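To keep things clear, I will list the structure first and then write my remarks on it.
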Amino acid sequence: MAVAKERLVVDEEEVIQAVVLADSFNKRFAPLTRHKPRAVSTPNLLALAGVQEIFVICRSHAELVKAAIKCVRSQSFSRFVTHVLWHRPLNRNSKWSKPSAGLKIVPIITAKETFSPGDAMRDIYTHGIITSDFVLVTGDLVSNIRIDEVVRVHKERRKTNKDAIMTMVVKESGAHHRTRSKGDSAVFVLDPETSECLHYEPVTGYPPKKYANIPREILVEHPEVDIRNDLIDCSIDVCSVDIPSLFQDNFDYGDIRKDFVHGVLTSDLLMKNIYCYIAKDGYAARVKDTKSYDSISKDILSRWTFPLVPDDNHPAGHSYDHLRGNKYIAADGSVILSRTCKIGNQSLIGSKSQISDNAQVVASVLGQRCVIGAGSIVRNSYLFDGVVVGPNCVIEYSIVGAGVQIKETSRVERGCLIGDKVTIGPQARMEPFQKLSKKCQDDHEEDDNEEEDDDDDDDDEEEEEEEADDDDDDEADDEEDESEEEDDSDYDEVEANQDPAALEKLGPESNAIIWPEPKIDEDEDIDAVEHPNNQRLMRIVGDDASDLELSDPGSVTSSECECESESDSEVDDRIGGPSITSSSTSLPLSAPSNLVAQADSAALSEFRQEVTQSLDRAFAEGHSVDNAAVELKTLRMASNVPLRMVREAVVAAVVSRTKIIEGGGLPQRQEIAAMISRWGDLIDKIGGVDAVETIEILQEYCASSDRLPLFGQILAALYQEDIVEEDDIRNWHKKPSAQGEGVKPLASQENFKKCWTVGAHMIKQFDEQESEESEEDEEDSKGERIVQPGTVKATLQATLEEDDDDDESDEEEEESE
């Protein structure tokens, strides 16, 4: 009997619950989220971790969240992939909702006073639903990480330390990882042996944060700590049952990280421990803003989230063919593509969509039933279901809601958000980062019609609902009505203060209103992350923010690089000049061939960015040379670019990461040797061996960067690792281009000549060594001459160092004179 009771206790302890925060508690996607929630996570991730009960906490759009729970399917990820946000329900009778599935999903409608994750946790405490350790995730999480191991580690730790109340999942990232946020990061201070989080400090891009304030006690108690700013917070936490009560006892805890984690770690009374789990494999990121939405969507299309990819995890009835260049086309045969249209890499086309003559879709996602008119360009944008784009339009780096109509010869600038069912044009011109929504009056009329239709369709279904569900629905309806009233008051105020001149630029048939940029009130107490200047760093095309002093340059995306280089005149040419109300000067119309050249240029820029990010990940995560080479080969074949472009990226990555050691000498030599020994083979493993080209690329890079003094030593290291041979150096040196012939400006030409001079010293050393060897061969007639291995290369290295020192001293003398 005692054994049976003990076994029952063990079984009860193994029940794992999960809490999904379906509300984002911000308006970063407004006005797109006026009628629909941002996202609802699928249960796959939690089910794999052994979770048996999932509580979905929602305030805004509770009815839609409940409907999604009823309709979600086990393979619903690609619908999330396609647009991550705001999709209609899929199919009814989810297998996860059935009792036989062993997974119970319960929606919890929070009170209208719930304005933060902390309020939601306090509401969870009030409901009394948490009875064991639980997994806490956000509804906008995209992940393929197996968190069952995290749960296991957390439970094992809890057996010996009941004060270990939380384990946070984080992942290493490079400085330029595209999901690394400029505006919202953190400093983690960890115990290197136990991974205990000793200190947590949030970091915003603006206002700038220059220093992390680490309590002195931590450094006294822990002789060794890891201070890290390279961790991406996955927003996956394994929590103890005590956490909701801690939120209940501390009403000032609003944000889980900035308030709760920071508060627990700095409290002298709680005496609780929080740990980090650094995930080595898998993918995890949150759709926190439009910038991360763009980055995560591109990661999905680039297959970094495998097996969560469009062609492998699709909703019932919707599948995609995966084509070369990571192009995804609906597999039901309903897509109509003109023979003269162009579909670029990293693009997805939903079913029943049509792409007309000479239209281009590049690095973009189109939902179902989208129509792209003749000669229009859609680049790095996301168009939801039913979007109609007229002829000769341009849409760049924007998100366009469902049912939007963009009339002919209109232009949507970078960073724009267009709400559902908006109409603009003809000849509309949107300003960068503009937000549009439908006029309130038109919106109310359409909503009323939709509600009447929904009521007629759902009468039979409502009769079958249980009384408990009816009570929940009434409560949710009350909450929704109050929420909509608050939103309507905001909309009424915005619509009442419209600028007629700005509305005129949206075209004569427009039904839109323009949302104003948030005003900065320095006296107002506002969360640093939500500060308007900080939010500028979190938009789909982040500002370069050159007018702001920032904490950290953070990640760099292809959108930021390309937008600066592309002139407005290119697109003006494409659409036949500016709109009627534009003050811009029109330019001659471009020929179709020029349009193709523009698209090719954008594709090349996208490829360079992909290669750079692939190398960043390889260096940051310590990939093997073979695995890194496979990724680069795949990117090259998908984009059909010359091998030299990949070699240029590899050489630049290796040389740029070689530290310049003050004083040079042996430490500098060791630094270069270690880098070339670790990564040098990648130069030849990317698909072909051309040592002369490698030297040319090395010369070009060093001549145009601060690595010029290292050229000779790097070349010698390549020679020592047998990546280049003596004949290769001689052949390069004979070329006129090696002396900078035709290179501009003059300063670069001088740097080319300096590299050429270094090569001359190397060749001189080769000649002297050969002469010495021939003399020794003649004199050594009685026995074999023994040559110590590495003698030639070691002598060459020492000679080059002396030459570098001589060059530096000559430059110093010239400067002093």
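Since we're looking at a predicted model, the values are computed, not measured.
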Looking only at non-hydrogen atoms, find the nearest pair between Trp304 and Asn144 and report the distance. O-ND2, 4.3 Å
Checking Arg152 against Asp148 for the salt bridge (charged side-chain N to carboxylate O under 4.0 Å, His left out) test, could you report, in this order, the C-alpha distance in whole Å, the side-chain angles of both residues, the deciding distance, and whether it holds? CA-CA 6 Å; Arg152 186 193 66 79; Asp148 50 341; over 6 Å; no
Apply side-chain contact (heavy atoms from CB on, under 4.5 Å) to residues Val187 and Tyr200 and explain how you reach the verdict. CA-CA 6 Å; Val187 171; Tyr200 174 90; over 6 Å; no
Do side-chain atoms of Ser143 reach the backbone of Tyr283 as a donor and acceptor pair under 3.5 angstrom? yes
Nearest-0.5 Å distance that lies between atom CE in Met121 and atom CG in Asp123: 11.0 Å
Stepwise side-chain contact (heavy atoms from CB on, under 4.5 Å) check, Phe134 with Glu53: CA-CA 9 Å; Phe134 64 98; Glu53 284 185 316; over 6 Å; no
Could you go step by step and tell me if Ser185 and Val203 meet the side-chain contact (heavy atoms from CB on, under 4.5 Å) rule? CA-CA 5 Å; Ser185 61; Val203 177; 3.6 Å; yes
Would you mind listing every side chain to side chain donor-acceptor pair (under 3.5 Å) that reaches into residues 249-267, with sequence neighbours excluded? Asp233-Arg257, Asp237-Arg257
Aromatic centroids of Tyr293 and Tyr382 separated by under 6.0 Å: yes
Distance-minimising heavy-atom pair for Ala402 and Phe384: N-CB, 3.6 Å
Could you tell me whether the side chain of Val241 reaches within less than 4.5 Å of the side chain of Ser132, counting heavy atoms only? no
For the atom pair OG (Ser235) and CG (Asp140), what is the distance rounded to the nearest 0.5 Å? 7.5 Å
Set of residues satisfying salt bridge (charged side-chain N to carboxylate O under 4.0 Å, His left out) with respect to Arg303, sequence neighbours excluded: Asp311
How close do Ile236 and Ala284 get, counting heavy atoms only, and between which atoms? CD1-CB, 4.5 Å
Check whether any side-chain N or O of Glu201 sits under 3.5 Å from a backbone N or O of Asn213 as a donor-acceptor pair, and report yes or no. yes
Test your reading of the model: is there a side-chain donor-acceptor pair from Asp191 to the backbone of Cys197, 3.5 Å cut-off? no
Kindly give the heavy-atom pair with the smallest separation between Tyr320 and Pro310, and that separation in Å. CD1-O, 3.6 Å
How long is the straight-line distance from CD of Gln17 back to CD1 of Ile130, given to the nearest 0.5 Å? 4.5 Å
Run the salt-bridge test on Arg539 and Asp289 with the 4.0 Å N-O cut-off and return the result as yes or no. no
Can you find a pair of side-chain heavy atoms, one from Leu265 and one from Leu198, that are under 4.5 Å apart? no
For the pair Asp184 and Lys288, find out whether any cationic side-chain nitrogen is under 4.0 Å from an anionic carboxylate oxygen. yes
Got a sec, which residues hit side-chain contact (heavy atoms from CB on, under 4.5 Å) with Asp230, two or more places apart in sequence or on another chain? Arg228
Got Val20 and Thr138 here, is their nearest side-chain heavy-atom distance under 4.5 Å? no
Donor on one side chain, acceptor on other, Glu156 and His154, under 3.5 Å: no
For the residue pair Leu21 and Ile256, establish whether any side-chain heavy-atom pair is separated by less than 4.5 Å. yes
For the backbone of Glu224 and the side chain of Glu193, can you confirm whether one donor and one acceptor N or O come within less than 3.5 Å of each other? no
Sequence neighbours excluded, which residues qualify as ring-ring contact (aromatic ring centres under 6.0 Å, His included) partners of His322? Tyr328
Rounding to 0.5 Å, atoms CG (Leu246) and CD1 (Ile165) come to a distance of 5.5 Å
For Thr167 and Cys276, the nearest pair of non-hydrogen atoms, with its separation, is CG2-C, 4.4 Å
Are Ile227 and Ile214 side-chain neighbours, meaning at least one heavy-atom pair lies under 4.5 Å? yes
If I compare all heavy atoms of Met166 with all of Ile243, which pair ends up nearest, and what's the gap? CE-CD1, 3.7 Å
Glu172 side chain to Ile278 backbone, donor-acceptor under 3.5 Å: no
Phe260 and Phe247 aromatic ring geometry - parallel, tilted or perpendicular at 30°/60° bounds: parallel
What's the verdict on salt bridge (charged side-chain N to carboxylate O under 4.0 Å, His left out) for Asp119 and Arg122, showing C-alpha distance, side-chain angles and the deciding distance? CA-CA 5 Å; Asp119 292 336; Arg122 283 182 278 275; 2.9 Å; yes
Is there a side-chain contact between Val19 and Ile124, using heavy atoms and a 4.5 Å cut-off? yes
Would Val365 and Leu301 satisfy side-chain contact (heavy atoms from CB on, under 4.5 Å), going step by step from the backbone distance to the final call? CA-CA 9 Å; Val365 174; Leu301 295 175; 3.8 Å; yes
With sequence neighbours excluded, residues passing side chain to side chain donor-acceptor pair (under 3.5 Å) with Thr290: none
Measuring only between side-chain heavy atoms, which start at C-beta, is Ile540 closer than 4.5 Å to Ile399? yes
Just so I know, are the side chains of Arg286 and Ser292 near enough to count as touching, which here means a heavy-atom distance under 4.5 Å? no
So how far is it from Ser240 OG to Arg157 CZ, rounded to the nearest 0.5 Å? 12.5 Å
Contacts of Glu196 meeting side chain to side chain donor-acceptor pair (under 3.5 Å) (sequence neighbours excluded), chain-then-number -> Asn273
